[in-house]
**Student:** 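This is the structure, below, for whatever I ask next.
All residue numbers in this chain count up from 1 along the given sequence.
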Amino acid sequence: MSDTALRTPILLSVVAPVYDEQELIEEFVSRTIAAIADYEFELVLVNDGSSDRTPELLERLAGTDPRVRVIHLSRNFGHQAALTAGLEHAVGDIVAMIDADLQDPPELILEMIAQWAQGADVVYAVRKQREGETAFKLASASWFYKLFDKLAQVDLEPNSGDFRLLDRRALNALLEMTERSRFLRGMTVWVGFNQTAVSYQRDARQAGETKYTLRKMLRFSLDAVTSFSHLPLQLATYVGLLSAGVAFIAIPVVIVLRIFDSYLPGFGSITIAILLLGGIQLIALGVIGEYVGRIYDEVKHRPLYIVREELNRPAAHGRVTGAPTARAGLPVRAPERTERIVQ
């Protein structure tokens, strides 16, 4: 046993983005509340523009338990934006973020709190096994983490996701990062502080379907790499220099062959060279375009999300000291109330 006194949380915030989870949301809320019932807590559920019965169920849950806070966004802004909205509205001195699909067990939050109590500022969960996922999903995830490790400037633990717990100091530092192309699992590593890991077995999805299509996964991967590395831009430069070097070397070779009457002109070789160089140029332009597009999104300064309505918002005096008030989103309608009973 260490002689250092263990920390005790004043208020625990659990943040979960929710999108079309009508089959699982009630079970998720009941399991989460049962897991953290020994602590003073708030459960912040962010409805990311769900089109099924999820909003109705969320309002019913908020009406029966004032500790369940519901934030309705005006439309679907995406997983990372919805998660950011929850983090910015959370008022606890420690904040856990988790998905509502029950693949990540809420019971693991207790182990995360234990690690925080011993001095960790950021506790991230690492998947030992990933049940119910296809071979392609597992392989692509492995490739992504390897690629990110080679390109990025942060040490992201393989098989770690957004299931994390942050101390208020670390969370405030994270929220100072206002970029739109968000890769929160990398951003939490970038802020530093004392970080540790807990391992767990990820369960298969019990109902519904994954919201991360192949297209969204590819976009998310691009956001991750471009947010933490400019190496792709450098690679485009290196490939261009290599191509130019080959061209300069080929000039004297062609001259010598012409002198010795050994030059064999051919349409195929010229065509291949043109296509090769053209392809390299287009790839380089595409890489540059990815970065320029993100710069364009940043300079517009649009809000990251828009809040349509907020239920069970805590009173201003109930905020934990040090919780920031500036937010990346735009609150449109946030009624001053602590309870709402839905018939």
**Student:** Under 4.0 Å between a side-chain nitrogen and a carboxylate oxygen: does that hold for R67 and E42?
**Tutor:** no

**Student:** Can you see which heavy atom on V70 is nearest to which on A62, and at what distance?
**Tutor:**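 Heavy atoms only, the tightest pair is CG2-CB, 3.8 Å.
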
**Student:** Out of curiosity, D20 CG to R53 CZ, how far, rounded to the nearest 0.5 Å?
**Tutor:** 12.5 Å

**Student:** With rounding to the nearest 0.5 angstrom, report the CG to NE2 distance, N47 to H72.
**Tutor:** 5.5 Å

**Student:** Can you give me the closest heavy-atom contact between P303 and I306, atom names plus distance?
**Tutor:**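 In this case the closest contact between P303 and I306 is CG-CG1, 4.3 Å.
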
**Student:** When rounded to the nearest 0.5 angstrom, what is the spacing between CD1 in I33 and CZ in F41?
**Tutor:** 4.5 Å

**Student:** Looking only at non-hydrogen atoms, find the nearest pair between Q80 and L184 and report the distance.
**Tutor:**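 What the structure gives for the nearest pair is OE1-N, 2.9 Å.
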
**Student:** Which pair of heavy atoms, one from A120 and one from R7, lies closest together, and at what distance?
**Tutor:** O-NH2, 2.8 Å

**Student:** Are L108 and V126 joined in one hydrophobic group, where the rule is that I, L, V, M, F, W and Y side chains link up if heavy atoms are under 4.5 Å apart?
**Tutor:**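 Different clusters.
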
**Student:** Tell me the closest heavy-atom pair linking V18 and S50, and the distance in Å.
**Tutor:**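 It is O-OG, 3.5 Å.
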
**Student:** Any idea which heavy atoms bring L24 and D101 closest together, and the distance?
**Tutor:** CD1-O, 3.4 Å

**Student:** Per the side chain to side chain donor-acceptor pair (under 3.5 Å) rule, which among D93, D167, N194 passes with W116?
**Tutor:** D167

**Student:** Please determine if R75 forms a cation-pi arrangement with F77, meaning its NZ or CZ atom is less than 6.0 Å from the six-membered ring centre and no more than 45° off the ring axis.
**Tutor:** yes

**Student:** Does CD in E107 sit with more than 12 non-hydrogen atoms of other residues, nucleotides or ligands closer than 6.0 Å?
**Tutor:**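 Count over threshold, so yes.
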
**Student:** Taking V15 as the starting point, is it possible to reach Y124 by hopping between hydrophobic residues whose side chains are less than 4.5 Å apart?
**Tutor:**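 No, Y124 does not connect to V15 through the hydrophobic network.
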
**Student:** So T188 and M97, do their side chains get closer than 4.5 Å, heavy atoms only?
**Tutor:** yes

**Student:** Any chance you could measure Y39, atom OH, to I109, atom CD1, to the nearest 0.5 Å?
**Tutor:**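 Here the rounded value is 11.0 Å.
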
**Student:** Got E40 and L12 here, is their nearest side-chain heavy-atom distance under 4.5 Å?
**Tutor:** no

**Student:** I want to check something: taking the side chain as every heavy atom from C-beta on, are Y200 and R127 in contact at a cut-off of under 4.5 Å?
**Tutor:**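 Result yes, sub-4.5 Å side-chain heavy-atom pair found.
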
